[in-house]
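Hydrogens, waters and symmetry mates play no part in the numbers below; they use all other heavy atoms, side chains included.
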Amino acid sequence: MSDIAITGLLVLSLFLILGSGVWIGLTLSGVAWIGMQLFAARPAGDAMAVTIWGSASSWTLTALPLFIWMGEILFRTRLSQDMFKGLAPWVQSLPGRLLHTNVVGCTIFAAVSGSSAATCATIGKMTLPELTRRGYPEKMIVGTLAGASTLGLLIPPSIIMIVYGVSAEVSISQLFIAGVLPGVLLAALFSGYIMVWALRNPEQVPAADRRMTFMEKISESRSLIPVVLLIAGVLGSIYTGVATATEAAAVGVVGSLVLSTVQGSMGWGTFKDSLMGATRLYCMIALILAGAAFLTLSMGYIGLPRHLAEWIASLGLNKAQLIAALAVFFIILGCFLDGISMVVLTMGVLMPTVQAAGIDPIWFGIFVVLVVEMAQITPPVGFNLFVLQGMTNRQLPWIAKTALPMFLLMCAAVTLIYIFPGIVTWLPQQMATTR
């Protein structure tokens, strides 16, 4: 059979099995099994056992369940209740006022969560009722929350960065540090949009609360200090080289346990719920990673990655055209798959092409995270849209429409990191220098 026929058969098998309701991880393993049985000489059972064990026993992957657990612990503490109270005094003087709590709140929580959906749910529980009660337009509340919550993927520690690092065999610590400046850039773009909207529509912005002195603002924000210290401890230990990503994750778990205990919100029930929530989420991700590893091996035996790389090379695309084509590819793929599945399904095929084009794998990782962020607010499988639909009872198309300006700002961010790659690469280079 030709490469096109083999590819078509495997893609058809993938969508047929997915459409039947089978879990994604099992679907990937099933398609890999079909490929190995039909088109490879190596026994499928032997290849499956070795590959899945190697994927599941990776030490690098240990950081993933720890960071997930840290986010689950903080998700169940009083952080979400205290955050609005702590942030509100500092944004009252900005155009758009309390709408900025969506952006700043998501930025802070993203640095302790690593999950876009958890960030959306936590900050949404805090800001949606409060901003609605104060009279802010619902389309701006929902739209800015939809966009800003995607920062959970970009600002370290990020679950999807760990998945990319394992799949592409790239340093997770360097990926984490590389995501800091692009995350700040994207947050600044979101806040800038809110300011421009507020200046153009001043009549839709409710009046400010009473002015507070600097000391009063500090007093109101004291509940945020432990969380900021936790973030500094986790990221600082990675940046200075004191700890690896896995060790920093352990520090984060211990710190979040101490923080929630001091807050008085850590009981046996909370501990059990956080541990079970992290276990369920990690098992789902681990199953997807194992299936993707087997599928990558299967495609390697068939030769599809090499043929795809040769085909793309034959098109004669320059670096800009290749990046633009991959951005469109990921955005379309995001209409049907979640972010983790997108990464693990494509990295084995795309990395040889990306490396042959001379693209820095650290830079490419941040690029992938940004376009996967776009997929989080792209129907019909935009996870953040589903979370917001459940919280607002609004229709999916309406929520997607409110998030469209945020989507365009993410496109602008991708353009900026392409024109100025130092936004991504400068901090990792400084990190390597300090070591």
Side-chain angles (χ1 to χ4, degrees), residues 74-75 77-110 113 116-152 186-225 227-228 263 265 377 384-385 387-395 398-406 409:
L74 293 174
F75 176 70
T77 65
R78 290 211 317 267
L79 175 68
S80 58
Q81 301 167 24
D82 295 341
M83 191 176 287
F84 190 92
K85 183 180 177 183
L87 294 177
W90 299 99
V91 298
Q92 287 282 0
S93 58
L94 297 176
R97 296 197 178 94
L98 296 182
L99 284 173
H100 292 280
T101 56
N102 272 342
V103 178
V104 181
C106 286
T107 303
I108 292 174
F109 194 79
S113 168
S116 174
T119 301
C120 185
T122 303
I123 303 303
K125 284 194 299 184
M126 171 186 74
T127 60
L128 282 173
E130 187 65 24
L131 294 179
T132 302
R133 182 181 68 80
R134 291 174 182 243
Y136 287 86
E138 187 182 12
K139 67 174 185 178
M140 284 299 294
I141 300 171
V142 175
T144 55
L145 178 60
S149 59
T150 63
L151 291 167
L186 197 54
L189 289 174
F190 291 153
S191 280
Y193 168 74
I194 292 173
M195 291 182 190
V196 171
W197 173 85
L199 292 172
R200 295 184 62 186
N201 303 276
E203 73 285 351
Q204 296 191 48
V205 181
D209 295 340
R210 72 174 182 86
R211 287 187 174 275
M212 291 184 177
T213 66
F214 180 77
M215 292 310 298
E216 285 177 323
K217 291 179 180 179
I218 292 292
S219 177
E220 287 289 307
S221 304
R222 63 186 182 275
S223 59
L224 292 179
I225 294 174
V227 180
V228 172
Q263 278 186 330
S265 52
I377 54 175
N384 287 16
L385 301 183
V387 173
L388 286 169
Q389 184 182 38
M391 298 176 75
T392 63
N393 294 319
R394 283 283 197 167
Q395 294 297 315
W398 183 88
I399 299 173
K401 186 178 178 181
T402 66
L404 181 59
M406 306 296 122
L409 289 173

With [X], which residues qualify under side chain to side chain donor-acceptor pair (under 3.5 Å), at least two apart?
| X | result |
| --- | --- |
| Thr144 | Asn102 |
| Ser191 | His100 |
| Arg133 | Glu130 |

Interatomic spacing from CG in Leu409 to CG in Leu404 - rounded to 0.5 Å = 9.5 Å

Can you tell me how far CG of Leu145 sits from CG of Leu128, rounded to the nearest 0.5 angstrom?
->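 Output value for this atom pair is 5.5 Å.
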
Considering residues at least two apart in sequence or located in another chain, which fulfil the side chain to side chain contact (heavy atoms under 4.5 Å, CB included) criterion with Pro95?
-> Met195, Ala198, Leu199

Taking all non-hydrogen atoms of both residues, which atom of [X] and which atom of [Y] are closest, and how far apart?
| X | Y | answer |
| --- | --- | --- |
| Lys139 | Thr402 | O-CB, 3.6 Å |
| Pro129 | Gly124 | CD-O, 3.6 Å |
| Leu388 | Ala146 | CD1-CB, 3.4 Å |
| Pro405 | Tyr193 | CG-OH, 3.5 Å |
| Leu151 | Val103 | CD1-O, 4.4 Å |

Which is it for Leu131 and Thr101 under the side-chain contact (heavy atoms from CB on, under 4.5 Å) test, yes or no, and what are the steps along the way?
-> CA-CA 9 Å; Leu131 294 179; Thr101 56; 4.2 Å; yes

Determine whether Arg394 and Glu138 make a side-chain contact, defined as any pair of heavy atoms from C-beta on separated by less than 4.5 Å.
->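 The answer is yes, as the side chains (C-beta and beyond) meet within the 4.5 Å cut-off.
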
Evaluate the side-chain contact (heavy atoms from CB on, under 4.5 Å) criterion for residues Ile377 and Met406: first the C-alpha distance (whole Å), next the side-chain angles of each, then the deciding distance (0.1 Å), finally the verdict.
-> CA-CA 9 Å; Ile377 54 175; Met406 306 296 122; 4.2 Å; yes

